[in-house]
There are 2 protein chains.
Amino acid sequence: MEINKVTIHDIAKALSIDSSTISRALNDSPRVKKKTKDRILHKAQEMGYQRNLLASNLRKNITNTIGVVVPRISRHFFSSVIQGVEETAYQAGYNVIICQSLEQLEREKKIIETLMANRVDGVLISISMETMDYSHMEALKNGGVPLVFFDRHCNIPDTNNVLIDDFKGGFDATQHLIVSGCKNIVHFSGPQALGIYKKRLEGYKAALSENNLPFREEYVISSRLMEQDGIENVKKIVTDNLDFDGIFSANDVAAIGAIKYLTNNNVKIPEDVAIVGFSNEPISTVINPALTTIDQPGFEMGKTATDLLLKYIKNQNGIKKSQTIIMDSNLIERQSSKKVRARNI
Amino acid sequence: MEINKVTIHDIAKALSIDSSTISRALNDSPRVKKKTKDRILHKAQEMGYQRNLLASNLRKNITNTIGVVVPRISRHFFSSVIQGVEETAYQAGYNVIICQSLEQLEREKKIIETLMANRVDGVLISISMETMDYSHMEALKNGGVPLVFFDRHCNIPDTNNVLIDDFKGGFDATQHLIVSGCKNIVHFSGPQALGIYKKRLEGYKAALSENNLPFREEYVISSRLMEQDGIENVKKIVTDNLDFDGIFSANDVAAIGAIKYLTNNNVKIPEDVAIVGFSNEPISTVINPALTTIDQPGFEMGKTATDLLLKYIKNQNGIKKSQTIIMDSNLIERQSSKKVRARNI
DNA sequence: CTGTTAGCGCGTTCAA
DNA sequence: TTGAACGCGCTAACAG
């Protein structure tokens with residue numbers, strides 16, 4: 001019931017050995033005789049000693065901890081990234097602090113501040129949709145904290161990024177819809193301040209152009225890509241009587257909203273409207289097995305980003321000042337997507 | 001580019017004021033003249049001072065941080081709990097460390113160890129499916145760390161818990177199926193070492209009994225309730241030619257697996273097989289709007305559990321040694337569940 | 001209101 | 001191989 005207050009000094013006193021030796025023993029230093037070490041470790045165990053990492057980290061000026069900041073942990077893509085981060089970090093002896101910005105800039109700033117105050121050794125981040133001012137990122141850089149962006153990155157010079165090829169993804173998605181017979185493809189886009197959404201839109205445009213299809217402003221709808229946005233978006237184009245037979249959604253959540261709305265209104269997918277979304281969310285295939293996705297390899301991105309970050313933290317030689325890694329993201333056709341839309345055959 | 005090394009002493013030197021005054025000013029103590037405080041804050045900003053929480057916490061022997069341990073952050077129930085925890089904690093000036101055990105006892109133990117080493121002020125936890133030895137929980141208690149279990153709790157004396165009425169939930173779920181016309185109800189259960197699954201099973205039995213329906217061992221299938229388990233479970237009873245018209249799943253994930261399998265095999269839900277699952281997962285209603293759920297109020301549980309924990313941390317008077325709070329969890333019928341199964345009318 | 005002094009618990013010099 | 005002493009950065013106690 002009593003608060004644990006056993007320190008190395010308590011062990012030292014109990015054993016009539018100096019605390020510095022206790023410290024060395026607990027850190028498995030080779031400079032302590034095996035016999036003494038055993039005695040100390042045994043006694044520590046017996047007294048219920050718990051190392052105080054605060055003190056240890058303060059002294060060493062290193063925390064062996066990295067922070068990872070995502071918009072929402074509940075989004076499958078992000079939680080799979082976190083999985084990859086944890087696996088790689090733990091293996092390397094690092095702890096991970098998970099933080100979610102909830103897409104709010106204010107929270108993101110606060111998080112960065114807290115991480116810095118807690119002296120994390122490095123930070124992995126995918127920025128919020130509200131993030132357009134990068135002062136907190138600059139603060140991190142100025143603080144000398146190694147930093148790696150993944151997926152949603154910042155437009156600032158000399159940064160490390162782990163990304164997918166968003167232009168190609170947008171192109172592939174659109175191309176797939178076109179090949180499936182779609183001629184009027186709506187694009188659900190995100191905030192243009194985020195490079196990933198800009199690139200996906202560019203890919204969309206390029207695919208249209210390559211297939212001699214017109215680009216029409218009214219076929220691009222920007223939103224924050226929440227499920228409700230997907231619902232509203234599709235509701236709007238339906239009530240506007242916009243002629244459409246395909247949707248390329250910049251994420252899966254909005255695509256799910258669209259599927260939900262369309263299904264409730266007896267629109268068949270993919271027969272009436274084909275849909276492609278960026279995602280690595282297995283659940284979306286349950287909702288509608290016809291949902292083709294541009295697969296974002298979250299787990300691998302997490303591992304890759306962490307590897308990169310750890311290199312910078314350990315200041316390993318031979319690494320560049322800054323670098324960007326582009327990962328593969330393949331278009332995955334699901335089960336029923338073979339049933340190409342009838343009216344276009 | 002240089003690592004931030006500005007300390008209160010640097011500010012003190014720059015201003016020819018003692019560092020203790022700097023400290024007081026930065027903590028907004030009323031015992032510093034407004035004028036001086038402004039000068040200090042300004043200078044701190046200018047020099048890019050970043051408080052070192054490690055040192056501060058070490059000195060104060062308080063971290064203003066609570067740890068929350070869940071099996072998986074990607075499970076909607078748990079991430080909604082975390083939402084509630086964060087909201088309440090932040091409001092009270094506390095930080096939150098999120099940890100996931102991934103249902104592994106070893107990881108859970110390691111996490112508790114790390115949290116203790118980092119001197120968190122308290123811990124909220126929902127234990128893993130593997131957790132049957134409670135030594136790490138005892139260690140926490142012995143360390144004097146306030147502890148609150150939510151949902152998946154431990155069978156040890158004098159603990160604080162925030163739970164739902166699992167017996168009632170199991171009863172209601174089964175009763176609902178019976179009222180809908182089901183006579184042969186399968187129950188997907190979890191590890192019986194966890195009280196919640198035991199209680200849900202008891203509720204199931206009680207409802208059967210009250211309706212003069214037989215309890216049959218072969219209608220209860222225990223698993224770890226992953227999506228794949230749901231698939232395997234239902235596959236097994238189908239190939240076994242077990243006669244069933246209803247499923248009560250102890251969680252939503254397994255229910256989703258079952259829905260997936262059944263739908264792929266042209267079994268109509270709820271017309272052929274009605275399903276009820278414990279859940280607060282909105283996505284499940286998208287997958288099949290007919291899925292009735294026993295709603296687990298994750299967000300509220302998170303808030304309640306945090307409130308309770310903070311009371312213990314602050315050692316507020318008038319609180320009991322230990323207590324258990326039972327929260328309401330209502331059965332929620334979805335859209336199409338009104339279409340009661342035809343063949344039973 | 002501000003300065004002085006003394007640690008929080010640990011790890012790392014430098015001696016012995 | 002071990003001990004003595006110092007300091008990481010900060011805050012609390014006591015003066016003044």
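Letters go in sequence order (proteins before strands), and every chain restarts at 1.
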Using heavy atoms to find the nearest nucleotide of DNA chain C for Val32(B) and Lys60(B) separately, return the residue whose nucleotide is more 5′.
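The answer here is Val32(B).
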Give the rounded distance in Å between these two atoms: [atom1] of [X] and [atom2] of [N].
| X | N | atom1 | atom2 | result |
| --- | --- | --- | --- | --- |
| His9(B) | dG3(C) | NE2 | C1' | 12 Å |
| Lys35(B) | dT2(C) | NZ | C1' | 15 Å |
| Asn61(B) | dG9(D) | CG | C1' | 16 Å |
| Leu58(A) | dC6(D) | CG | P | 18 Å |
| Arg31(A) | dA4(D) | CZ | C1' | 13 Å |
| Leu54(A) | dG9(D) | CG | C1' | 12 Å |
| Ile22(B) | dC1(C) | CD1 | P | 16 Å |
| Asn52(A) | dC8(C) | CG | P | 12 Å |

Between [X] and [N], is there a contact of a side-chain N or O with OP1 or OP2 at under 4.0 Å?
| X | N | answer |
| --- | --- | --- |
| Ser20(B) | dG3(C) | no |
| Ser23(B) | dC10(D) | no |
| Arg59(A) | dG9(D) | no |
| Thr21(B) | dG3(C) | yes |
| Thr36(B) | dT2(C) | yes |

Taking atom [atom1] of [X] as the centre, does the number of heavy atoms from other residues, nucleotides or ligands within less than 6.0 Å exceed 12?
| X | atom1 | result |
| --- | --- | --- |
| Lys37(A) | NZ | yes |
| Lys60(A) | NZ | yes |
| Ile156(B) | CD1 | yes |
| Lys109(A) | NZ | yes |

Working for salt bridge (Lys or Arg N to Asp or Glu O under 4.0 Å), residues Asp10(A) and Lys5(A)
CA-CA 9 Å; Asp10(A) 298 324; Lys5(A) 283 190 136 328; over 6 Å; no
Return the nearest nucleotide to the side chain of Ala55(B); candidates are dT1(D), dC10(D), dG11(C).
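Of the options given, the side chain of Ala55(B) lies nearest dC10(D).
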Sugar-phosphate only, base, or nothing, as touched by [X] at under 4.0 Å among non-hydrogen atoms:
| X | result |
| --- | --- |
| Asn57(B) | nothing |
| Ser19(A) | nothing |
| Ile17(B) | sugar-phosphate |

Is there a donor on the side chain of Arg24(A) or the base of dG3(D) sitting less than 3.5 Å from an acceptor on the other?
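Indeed, a donor on one side and an acceptor on the other fall under 3.5 Å apart.
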